[in-house]
Amino acid sequence: MESACMKNDLPPGLVSAAAETLAIDDIMDIATGAAFLGAGGGGDPYIGYLLSKGSILEFGAPRIVSPDELDDDDTVVSSAMIGAPTVGTEKAISGDDAVKAIELVEEKIGRKVDAIISGEIGGLNSLLPVITACRMGLPVVDGDGSGRAVPGINMTVWYAAGVPVGPVILVNEHLHTVVIEADNALSAEKITRAAITGMGMSVMSALYPMTGKQAKAHSVSNTMSIARNIGQAIRIPSAHGPVVSLMECLRQTPHYSKCGVLATGKVIDLQRNIEGGFIVGKVVIEDEQKKIATLTFQNEFLKVENNGHLLASVPDIISIVDSETAVPIPAESLRFAQRVIVIGASAPAQLRTPRALENCGPKPFGISDEYIEIEALNHWE
Amino acid sequence: MRLGIDVGGTNTDAVIVDNRNVRGAIKRPTTTEPGEGIVDAVNRVLAKANIPAAQIKAVMLGTTHFTNAFVQRTQLNPVGIIRLALPASRSLTPMIDWPEDILSNIGGAVALVAGGHEYDGQPIAQLDERAIIEAATRFYDNGITSIAITGIFSPVINEGEKRAEELVRRVIPDAKITLSSDLGRIGLIERENATIMNASLISLAESTVASFQAALRNIGISAPFYISQNDGTLMQIDRLAELPVLTFSSGPTNSIRGAAFLSGLNNAIVADIGGTTTDIGMLKNGFPRESAMISNIGGIRTNFRMPDIFSIGLGGGSLVSTNEGLAVGPQSVGYELTSKALVFGGDVLTATDVAVAGGYAQIGDATRVKNLDAKLIDAAVQEIHRLLEINIERMKTDSSLMPLVLVGGGSILIDKPLAGVSEVVQPEFAGAANAVGASIAKVGGEVDKVVVLPAETRESVLEALYADACHQVEMAGAVNSSIEVADVEIVPVPYIPGNITRVRVKAIGDLSI
């Protein structure tokens, strides 16, 4: 089978495929691609894969629609798991919780929801909308609200574009519910974190109810398809190997085309601590010429430096992949002596606006460096 | 005096080890009924070392029997699966990603019932006892008596699984029940998979244990009998009848541990050079370094502890070709080495021929390779060493020099100093490293919990977990003074305020023999 990335005629898309419904084969690829776009965080998409596979087998596959197919007055809402990924590896959602969150949004805003969209294409939340959509018979929009994984609900491109985050609905497996109405996303984020502690540390949410017009104008487009294509590029054997296929695939996307290998080598130091509920730490990679690359992370990778020289920082995507297989490795799974490649790619344009950078640029993560685009730092075309 | 046995797919090895000395080693073919091969090998090794059976104080056995049975889908039980979880995880179907061929072997009898716990040990919901009894009745009516029970967060608290076991036993008094909490580790799907795999192997485990025990009785050995697990520690033979999956992948672990014992080193690189491949592993504080990769056995995702092994296509039978520049391997004549290699009268140039022509290996008929092009031989010798060198380099975490222990029949290929290696050690009895590794294994205990670790009480909380793990080791039969904490992994749980941390503690100790 040939990767859709290798075709130059069309922007690669699930919607341009013959069948407009999502195939089970695609889900595993989306999970792999979402692990890459998760930039080291976002939770294990494998659970998302298992959940979506089960939902498709039980309820039938959802239709995938391009943002362009949405009517301006459609209602679109994001469906996402919020909580601790570690808890998510034990305690999966019931499914009814995801549905109830959407139904409560409908009640709250007085409109029926027409389509579900992912809040973040990175990690576990890339596939959770599929589960919700299967159960409700709704389509899934081929796009998302971040173009990567982000650690807070206030870090989306929607928020940067002025789309209100709320009402935010949180539902746990007992169908216990919290409704959050706040006039800004940072407050909503803080209330959410406090609420989930009392709800079992893993909840389904509905957030960012918006019009079709807003979803079209502001979402990062085609990211489900792109995640699928990234997954295929990694999985399908090619003459040049999976790392080269992965880069070729990224170059053909509108969002991640400025990309390259930032470091190659093996993990020689690894530190992980907790600060404010996040895994914070650094990983050091040494190559054969003894050159050192240092990555810092807060769930996701925040920046890469080479002997003190900055190579990339958030919101640009920094991912670590296995040097042989190009399979992405989350920050919490890294081990000493793993042989890895660090890949950097441009963030979608919507995440690089001044307003977006206020929430997801280097500053809010306590990195003093001003944001400089990855292509400028590395003198890429 | 200890007796170490390794029952592999092809050969059964037996060794006798006395303190730090190997007193004898024997390699015999493995038999369909594994006990027969054991009797054969053990009788021969006792005779060879001239040691009466009564002097054997402990027997340690490693085997790939259960891994092979599962991978080949032979002799598997149908399994009844109970998950204590609802209302959580309703949408996560058990075995949803298992290959079809195995599902047809062990069936898909599943019951999701209310129960399970939160990360902090609070119940998710009250255990639905009626649903468990109904499920057990349904399983029994369908002829299923092997049951796998998995509760959410049962590594934190397993009272739900224990109660479910009691209830199932009321309906099926002779049920064979596997509890996921006995297989440890957080990660519901991987733990549940391991639990189901274990339940599917229960009948085979019982008959195999009986076969092993009968073999030792026949020989006249009545010493305590232990089985090696995948983390390099031992369990008592009765536990094998209950937890056969714990033997998965114990082979490479024993090989690395055996190499450590035979060389007297605790930190080293170990290369096991066979006929076709070389397996490179790292010995760290006497144990193999564990792999970070998710392990996949027979197409099923599990969380078994596996040693970090890197395999390359270099062995005694590797083909030496000059078609497109010089290449050694990865193709190999394999087990046909003794008929196809030049030094054995064949017509294929192999790595073994190169080592003989290079003047440093004594095997076969050296006159058959004396006319080979000296330049080619020199280049091939360089290439063999280069292949090992670059792949050793891949496995090392730092640039300091480390000793290399060579085991396996192909170790004759190596003669020259290697970059990054302080010394090359080729111990005696290296061919039986697996059985030696089994014979010297320690007993271990592990605790894996999610706990609150505030700075003030951090030390006391950790101390309590260490004590817990050490207590398990003591219960497993270790000498008290030898018990130590071998490994601690502290991983903070993200997004949760209040220093919630997952702590895994492994303790080990020497058997009292």
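Letters A, B, ... are given to chains in the order of the sequence lines, protein chains preceding strands, and every chain is numbered from 1.
- For a residue to count as touching a neighbouring chain, one of its non-hydrogen atoms must lie under 4.5 Å from one of that chain's; by this rule B/I124 touches chain A with backbone and side chain alike.
- Most heavy-atom pairs under 4.5 Å with chain B, from the set A/I131, A/D269, A/T89: that is A/T89.
- Comment: B/R301 does not engage B/D97 in a salt bridge, judged by the lack of any side-chain N to carboxylate O separation of less than 4.0 angstrom.
- Between B/I152 and B/S89, some side-chain heavy-atom pair lies under the 4.5 Å cut-off.
- Using a 4.0 Å cut-off between a side-chain N of Lys or Arg and a carboxylate O of Asp or Glu, A/E286 and A/K266 do not qualify as a salt bridge.
- Looking at A/L57, the atoms closer than 4.5 Å to chain B (heavy atoms on both sides) all sit in the side chain, from C-beta outward.
- Heavy-atom distances place no part of A/D97 under 4.5 Å from chain B, backbone and side chain included.
- For the side-chain contact (heavy atoms from CB on, under 4.5 Å) with A/F365, the qualifying choice from A/V280, A/L302, A/T296 is A/L302, the only one to do so.
- Heavy-atom pairs under 4.5 Å with chain B were tallied for A/G200, A/S323, A/G281, A/A194; the largest tally goes to A/G200.
- A/S94 and A/E173 share no donor-acceptor pair across their side chains, judged by distance under 3.5 Å alone.
- Across B/I189, B/L92, B/T93, the residue that shares the most heavy-atom pairs under 4.5 angstrom with chain A is B/L92.
- Neither the backbone nor the side chain of B/A85 comes within less than 4.5 Å of any heavy atom in chain A.
- A/K91 and B/E118 are joined by a salt bridge, as a carboxylate oxygen and a charged side-chain nitrogen come within less than 4.0 angstrom of each other.
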